[in-house]
Amino acid sequence: MRRRPAGVLIGLLVVLCIVLVFAVLYPFTMASPHASTHPSDRFTAGEPAAFSANGSIVVDGRVVLAFDGVVTADGAWYQRVEEPGVVAETYQHAPAGTIYHRLTIADRSDATQRREQISANPDLDLVREERDDDRVTLVFEEHATDTTQPVSGTAAVFVNSLAVASYEATATRSSTTVYQPQSGWYDGSRPYRLTGATGEVHANAATHVVTSANLSWATTTPAGTYAEYVLVTLTSDNPTTHRITYEFEPGETDLERPTWAGDTNAT
């Protein structure tokens, strides 16, 4: 009569061993992120002569990067980039003209360091400094003539950030293909897992230029196996929630000179 409990215990131990082996080995395969797929299938950022674009990356409810920018056909451009503690605005009225900068900085020690960097650069002239209770604003001019508009590069940063996930094409409407992100286990520089992936990317069906994106997912890193995934979630702040939004509109857009950007009659 005592053999049955022993048999049950042995059976439970066998099951436990199988579960532990499964946890250490699973997943048996890992997906490749969108960045490593065939180049002809990758998302790209458009670079027409004139366009407007904006986007944001929010992690755990905090904006880590946001921007909006405009480029006109005659070469004028404006860009605003927001990062934790700093908002950077840049404007140029015409190619080879003066570039105007405005930095709004939350940390006073950071403002002091940036002011020193501006003063040490012969191509930059500090125009004014404004202070209030919780921030410092620095307005300065740049006289270098070989600077190209950075809006296209910033837009590319946002498009490249979409490559964390792989995607499934779900519909084609006119010349636009709609893609949905896929949850799963991914093989990056460190393996990671995406869960709860939702949203859409709209891209030109022929060129793969992204026109809009609204995505969210939770990321756990590192997560090479299910056992590692459980350990990381129990001992860290993982998973982190991510939301990415992006809009790109080709074509001419009105651009007014900012009031802080020098003499409105100057270039």
Assess whether side-chain contact (heavy atoms from CB on, under 4.5 Å) is satisfied between Leu194 and Val164, documenting all intermediate values. CA-CA 9 Å; Leu194 299 186; Val164 171; 4.2 Å; yes
Mind running side-chain contact (heavy atoms from CB on, under 4.5 Å) on Ser236 and Asn238 for me, showing each step along the way? CA-CA 5 Å; Ser236 70; Asn238 278 277; 3.1 Å; yes
Which donor-acceptor pairs under 3.5 Å do the side chains of residues 69-76 make with protein atoms, sequence neighbours left out?
from	atom 1	to	atom 2	distance (Å)
Thr72	OG1	Asp74	OD1	2.4
Thr72	OG1	Ala76	N	3.1
Thr72	OG1	Ala76	O	3.2
Asp74	OD1	Ala76	N	3.4

Quick one: side-chain contact (heavy atoms from CB on, under 4.5 Å) partners of Asp60, sequence neighbours excluded? Thr240, Thr241
Are side-chain N/O atoms of Asn54 and Arg80 paired as donor and acceptor at under 3.5 Å? no
Using a 4.5 Å cut-off on heavy atoms from C-beta on, say whether the side chain of Thr98 contacts that of His143. yes
May I ask you to check whether Tyr91 and Arg102 show a side-chain donor-acceptor distance below 3.5 Å? no
Between Val159 and Thr44, is any pair of side-chain heavy atoms under 4.5 Å apart? no
Which heavy atom in Glu247 sits nearest to a heavy atom in Ser212, and how many Å separate them? OE1-CB, 3.4 Å
If we ignore angles and hydrogens, is there a donor and acceptor under 3.5 Å between the side chains of Glu142 and His101? yes
What do you reckon, are the aromatic ring centroids of Tyr192 and Tyr186 less than 6.0 Å apart? yes
Of Glu256, Gln92, Arg257, Glu89, which meets side chain to side chain donor-acceptor pair (under 3.5 Å) against Tyr78? Glu89
Between the CD atom in Glu249 and the OG atom in Ser52, the distance rounded to the nearest 0.5 Å is 6.0 Å
Listed partners of Tyr229 passing ring-ring contact (aromatic ring centres under 6.0 Å, His included), at least two apart: Trp185, Tyr226
Non-hydrogen side-chain atoms of Asp132 and Asp134 separated by less than 4.5 Å: yes
Give the minimum heavy-atom separation between Pro239 and Ala218, together with the two atoms involved. CB-CB, 4.0 Å
Hydrophobic cluster (4.5 angstrom, side-chain heavy atoms) - remaining members for Val178: none
I'd like to check the ring-ring contact (aromatic ring centres under 6.0 Å, His included) partners of Phe158; sequence neighbours left out, ordered by chain and number. Phe67
Which residues end up grouped with Leu126 if you chain together Ile, Leu, Val, Met, Phe, Trp and Tyr wherever their side-chain heavy atoms are less than 4.5 Å apart? Val86, Leu103, Ile105, Ile118, Leu124, Val136, Leu138, Phe140
Ignoring hydrogens, what is the shortest heavy-atom contact between Ala45 and Ala156? Give both atom names and the distance. CB-CA, 3.8 Å
Counterpart residues, ring-ring contact (aromatic ring centres under 6.0 Å, His included), relative to Tyr246 (two or more places apart): none
Over all heavy atoms of both residues, which pair between Trp217 and Ala165 is shortest? Give the atoms and the distance, please. CZ3-CB, 3.9 Å
Check which hydrophobic residues are tied to Val232 through side-chain heavy-atom contacts below 4.5 Å, counting indirect links as well, and list them. none
Test log, rule side-chain contact (heavy atoms from CB on, under 4.5 Å), inputs Arg131 and Arg108: CA-CA 9 Å; Arg131 292 174 176 261; Arg108 288 183 178 270; 2.4 Å; yes
Quick one: are Leu65 and Val157 in side-chain contact, heavy atoms under 4.5 Å? yes
Distance in Å, His202 NE2 paired with Thr172 OG1, rounded so as to fall on 0.5 Å steps: 11.0 Å
First locate atom CD1 of Ile57, then atom CG of Leu162, and finally report the distance between them rounded to the nearest 0.5 Å. 8.5 Å
Give the minimum heavy-atom separation between Pro33 and Ala163, together with the two atoms involved. CB-O, 3.2 Å
Among residues at least two apart in sequence or on other chains, which ones pass salt bridge (charged side-chain N to carboxylate O under 4.0 Å, His left out) with Arg62? none
Is it the case that atom CZ in Arg42 sees more than 12 heavy atoms from other parts of the structure closer than 6.0 Å? yes
d(Glu168 CD, Gln182 CD) to nearest 0.5 Å is 5.0 Å
Side chain to side chain, Gln149 and Gln79, heavy atoms closer than 4.5 Å: no
Go through the steps for Thr220 and Thr233 under the test side-chain contact (heavy atoms from CB on, under 4.5 Å), then give the verdict. CA-CA 7 Å; Thr220 303; Thr233 56; 4.1 Å; yes
Value rounded to 0.5 Å, distance of CZ in Phe51 from CZ in Phe248: 5.5 Å
Go through the steps for Glu129 and Thr137 under the test side-chain hydrogen bond (donor to acceptor under 3.5 Å, both in side chains), then give the verdict. CA-CA 6 Å; Glu129 178 178 343; Thr137 300; over 6 Å; no
Determine whether a donor-acceptor pair (N or O, by modelled atom type, separation under 3.5 Å) exists between the side chain of Ser152 and the backbone of Glu47. no
Between the OG1 atom in Thr177 and the CD atom in Glu200, the distance rounded to the nearest 0.5 Å is 12.0 Å
side-chain contact (heavy atoms from CB on, under 4.5 Å) involving Gln117 - partner list, sequence neighbours excluded: Gln113, Arg114
Is the shortest side-chain heavy-atom distance between Glu141 and Val127 below 4.5 Å? yes
Under a 4.5 Å cut-off applied to non-hydrogen side-chain atoms, are Val87 and Val81 in contact? no
Partners meeting ring-ring contact (aromatic ring centres under 6.0 Å, His included) with Phe43 (sequence neighbours left out): His34, Tyr167, Tyr179
Using the test side-chain contact (heavy atoms from CB on, under 4.5 Å), find all partners of Thr148 that sit at least two apart in sequence or belong to another chain. none
So do Glu228 and Pro222 actually touch side chain to side chain, heavy atoms under 4.5 Å? yes
Could you verify whether a donor N or O on one side chain and an acceptor N or O on the other, from Thr245 and Ser56, lie under 3.5 Å apart? yes
